[in-house]
Amino acid sequence: MPLEMSLLTLEARATPSVSAAWLSPLLALTLTAITGAAIFLIMGKSPGIALYIYFVEPLTSWSGLSEVLVKAGPLILIGVGLSIGFRAGIWNIGAEGQFIAGALLGSAPAIFFYESVNPLILPLMMLLGILGGMGWAAIPAILKARFNANEILVSLMLVYVAELLLIHLVQGPWRNPQGWGFPGTRMFPDAALLPVFFAGYRIHLGTIIAIVVPLLVWFALAKTQFGFQIQVFGSAPLAARHAGIGEKRMIWVTLMIGGGLAGLAGVIEASSTIGQLVPKISPGYGFTAIIVAFLGRLHPVGALLAGIAIAVTYIGGEGAQISAGLPKAVTGLFQGIILFYLLAFDLLTRYRLTRITISKNAT
Amino acid sequence: MIPALLELRGIQKIFPGCIANDDIDLTIAPGEIHALLGENGAGKSTLVKMIYGVLRPDQGEILWRGKSVQIDNPASARALGIGMVFQHFSLFESMTTLENVALALPAQNLDLLRAQLEKTANEYGLKLHPDRYVYDLSMGERQRIEIVRCLLQDPKLIILDEPTSVLTPQESDVLFETLRKLVSEGRSILYISHKLEEVRALCGQATILRGGKRVDNCVPAEETAQSLAEKMIGRRVEPLQNREASILKQKRLIVSNLSKRSDELHGTDIQDVTFTVHAGEILGIAGIAGNGQTELMAALTGETGPPQSGSIEIETQDVTAMTPMDRRQLGAVFVPEERIGQAAVSNLSLVQNSFLTAGKRMGFVSAGIIDWSAVGAYTGHILDRFDVRATGQNALASSLSGGNLQKFIVGREILQAPQLIVVSQPTWGVDAGAAAAIHEQIQELVANGAGALVISQDLDEIFSLCDRIAVISQGRLSTPRPAAEITTEAVGLLMGASNHASGDVLANA
């Protein structure tokens with residue numbers, strides 16, 4: 001007896017449209033706002049006011065804008081680094097760990113020479129921050145290049161190692177002797193803090209670096225042989241091999257760039273807004289930057305814009321806690337919803353849903 | 001009058017952007033071997049898929065023994081009595097012959113099936129060992145499994161898709177005997193091929209497709225290969241000019257005792273391969289797919305790392321440990337078998353694909369920065385010189401037809417003015433016009449003093465193009481011999497040689 005079944009299936013589109021690829025982040029943000037409104041309604045809040053606090057209010061004042069840019073800094077730096085790796089098909093998920101490792105190594109001079117007035121301490125810290133992030137990323141790099149170990153798992157697990165190392169140091173050997181027992185290092189000397197530019201606003205040198213780096217990376221990806229190799233390696237590994245683009249070299253280079261930028265973001269964060277090492281130096285920047293990379297279409301300038309957009313939800317979230325009494329978890333909720341919609345739209349730009357009928361002859 | 005076994009009337013199938021089949025009629029009589037001829041992209045596969053129930057026609061009618069039928073899926077095609085042997089086998093390599101046959105049939109007793117399998121195999125002269133593992137079998141043996149599997153379902157119509165493309169000439173002869181036996185029992189065969197001589201010898205009727213339309217119906221025996229080719233292509237075909245070989249003393253490529261293990265599971269290891277390519281000569285390597293050609297190519301380009309033993313010299317420099325880029329810098333270029341994904345990247349433009357292998361050698365990079373306008377000029381030159389039909393330099397590689405993409409890839413390499421060109425399957429799946437152009441370009445390069453190594457499964461190509469010929473079988477290479485001194489039969493024997501005795505067969509031939 002023939003049995004008829006109707007199923008939904010995904011069918012690849014012949015030509016995925018380029019404009020749709022850039023439209024999907026915008027659509028995702030729009031739908032996130034609509035979904036957010038529904039959630040606020042269920043929570044008994046006025047959706048209009050809540051959405052305003054979240055998405056608009058941070059952009060209505062100079063201080064709000066300044067806060068958004070400061071918050072966007074680490075997201076942009078990490079997001080740009082991850083974009084390069086993701087383009088090459090190297091899935092570094094452990095930027096959070098590399099961020100912490102960079103903050104740890106980069107802060108060491110400020111902690112050991114806490115009375116230093118030498119202006120060279122800051123460049124030294126930045127350099128050590130980059131090296132710290134690279135060193136942490138070198139572990140998945142060497143394991144993947146030598147033993148083909150999965151970089152997703154290795155880099156992710158190292159996040160927890162880095163977090164525990166940070167907690168150990170700030171509660172133990174590096175704890176501030178004058179800190180009344182609170183976990184945290186000494187406050188950094190002024191020479192080890194990144195300069196700010198406008199009195200009353202927190203925008204600092206690190207924020208400027210975060211805006212310049214994506215532009216440099218954009219140039220490098222578009223114009224240099226290195227950028228071309230990344231693109232080929234990511235989309236056709238066999239063609240890359242045929243053309244003599246070494247696999248091990250690509251693994252190393254992309255992980256070093258991703259780790260280095262995450263480490264730089266880490267030391268910038270420690271030596272600017274915080275001014276010391278504390279157990280919680282990151283509100284999950286390394287993970288949120290994965291959303292930034294995809295929302296920015298793995299394009300460096302895209303990561304710049306996406307970093308700012310995500311930063312708005314952080315700052316809006318803080319405002320909402322204060323003025324509307326909304327829980328902090330809503331920020332994470334928004335970020336998750338954005339990624340969810342984005343991935344859905346990306347799937348639908350490349351595939352279409354079709355209904356098929358399967359008839360099965362019972363034999 | 002006996003009704004036709006299968007009749008197609010006005011079949012149409014439209015895919016987004018192209019009409020794959022347009023108003024096609026086809027009639028197959030009982031006991032007939034019917035050829036379906038056409039170039040790649042003519043619509044043969046689409047038509048066959050509709051007969052076998054993989055696709056459904058948008059318009060038109062299918063009649064089976066005079067009655068209109070709807071074929072929903074391969075199971076209902078098989079229920080009618082239609083069987084198919086695909087070009088790409090669907091066999092599990094890590095299972096035995098018997099297990100593979102059992103998988104395709106309704107569950108039953110294995111001992112019973114073994115007896116049935118042996119009986120059917122003997123009846124039709126298909127030598128098979130039920131307990132051997134598939135990875136250990138030649139392409140010809142694998143094909144026999146597919147045929148037996150098909151025959152066990154007692155089909156009235158058997159569809160064969162390019163069955164001889166994986167066979168030696170001797171194996172092909174055995175297959176033809178089997179096919180003649182099948183039709184003598186009143187079964188019919190729909191035979192898809194582009195090997196015109198075998199169609200002339202074997203098939204009683206032929207339907208020729210071109211650009212999705214049926215252009216002619218003829219009796220192949222009454223035609224010449226030339227006239228059939230012209231019907232397929234739609235214009236005159238010029239035969240390849242014979243070239244006066246002037247082999248020079250200078251050595252472009254020297255491979256000595258090369259052994260390299262395959263990276264792939266069940267791949268073929270290269271064993272003790274030795275040959276030399278001189279300036280001004282085309283050396284041909286014949287062989288059935290999967291006998292180490294891919295591994296040999298990769299060892300020559302250097303993309304899979306250094307070999308276990310032996311050496312490779314390009315322009316008398318030892319390159320055994322060199323990277324692909326360094327080998328190219330010495331004047332060698334390579335055209336691998338896989339066009340999309342290896343020779344070219346599908347989602348990159350032609351300009352970007354030009355840069356892929358020509359970038360360093362042609363000096364398009366300075367201080368790490370790519371001079372894209374110079375690459376663009378080079379790409380324009382390729383498109384002009386090699387008559388590549390594309391919407392422009394910025395067209396994606398994936399938008400080109402197989403033949404055009406191959407012309408582009410060959411052009412990209414030849415315009416680098418190499419001293420040595422290594423080409424694998426230069427015209428596989430390429431239409432006759434483009435194939436002739438590619439052959440001409442290789443000949444011209446060699447006439448100007450380069451050396452060429454051509455690895456091909458197509459014996460006609462090997463014999464018409466090459467000055468010396470060697471055969472690769474199970475990873476070993478026979479001693480190269482001048483083309484004038486060996487016969488197709490001798491090469492065929494070497495291709496099928498399972499227990500290799502180096503050049504002995506040729507020496508005695």
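Throughout, protein chains are lettered first and strands after them, A, B, ... in sequence-line order, and every chain is numbered starting at 1.
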Would you say [X] has more than 12 foreign heavy atoms packed within less than 6.0 Å of its [atom1]?
{"X": "Arg361(B)", "atom1": "CZ", "value": "yes"}
{"X": "Trp218(A)", "atom1": "CH2", "value": "no"}
{"X": "Trp428(B)", "atom1": "CH2", "value": "no"}

Top contributor to chain A interface from Leu356(B), Leu348(B), Asp326(B) [non-hydrogen pairs under 4.5 Å]: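 Most pairs with chain A among the choices: Leu356(B).
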What pairs meet the salt bridge (charged side-chain N to carboxylate O under 4.0 Å, His left out) rule with one or both residues in residues 138-147 of chain A, with sequence neighbours excluded?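 Qualifying pairs, neighbours excluded: Lys144(A)-Glu151(A).
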Does the side chain to side chain contact (heavy atoms under 4.5 Å, CB included) test come out yes or no for Phe364(B) and Gln225(A), once each step is laid out? CA-CA 10 Å; Phe364(B) 293 141; Gln225(A) 189 172 16; over 6 Å; no
Looking at every heavy atom in both [X] and [Y], which two are closest together, and how far apart are they?
{"X": "Gln342(B)", "Y": "Leu238(A)", "result": "CG-O, 4.0 Å"}
{"X": "His242(A)", "Y": "Pro324(B)", "result": "O-CB, 3.9 Å"}
{"X": "Ala239(A)", "Y": "Ala344(B)", "result": "CB-O, 4.5 Å"}
{"X": "Gly341(B)", "Y": "Ala236(A)", "result": "O-CB, 3.9 Å"}

What residues of residues 226-235 of chain A make heavy-atom contacts with chain B at a cutoff under 4.5 angstrom?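 Answer by number: Phe228(A), Gln231(A), Val232(A), Ser235(A).
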Chain B contacts: which residues in residues 247-254 of chain A have a non-hydrogen atom closer than 4.5 Å to it?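 The stretch does not come within 4.5 Å of chain B.
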Sorted by number, residues from residues 327-338 of chain B in contact with chain A (heavy atoms, under 4.5 Å):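 Listed by number, the contacting residues are Arg328(B), Phe334(B), Pro336(B).
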What part of Ala220(A) gets within 4.5 angstrom of chain B, counting heavy atoms only: side chain, backbone, both, or neither?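 Neither; nothing under 4.5 Å.
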Which atoms of Thr301(B) come close to chain A, meaning under 4.5 Å heavy atom to heavy atom: side chain ones, backbone ones, both, or neither?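 Just the side chain, heavy atoms under 4.5 Å.
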Applying side chain to side chain contact (heavy atoms under 4.5 Å, CB included) to Met325(B) and Ile245(A), what does each step give before you reach the verdict? CA-CA 8 Å; Met325(B) 269 302 153; Ile245(A) 302 169; over 6 Å; no
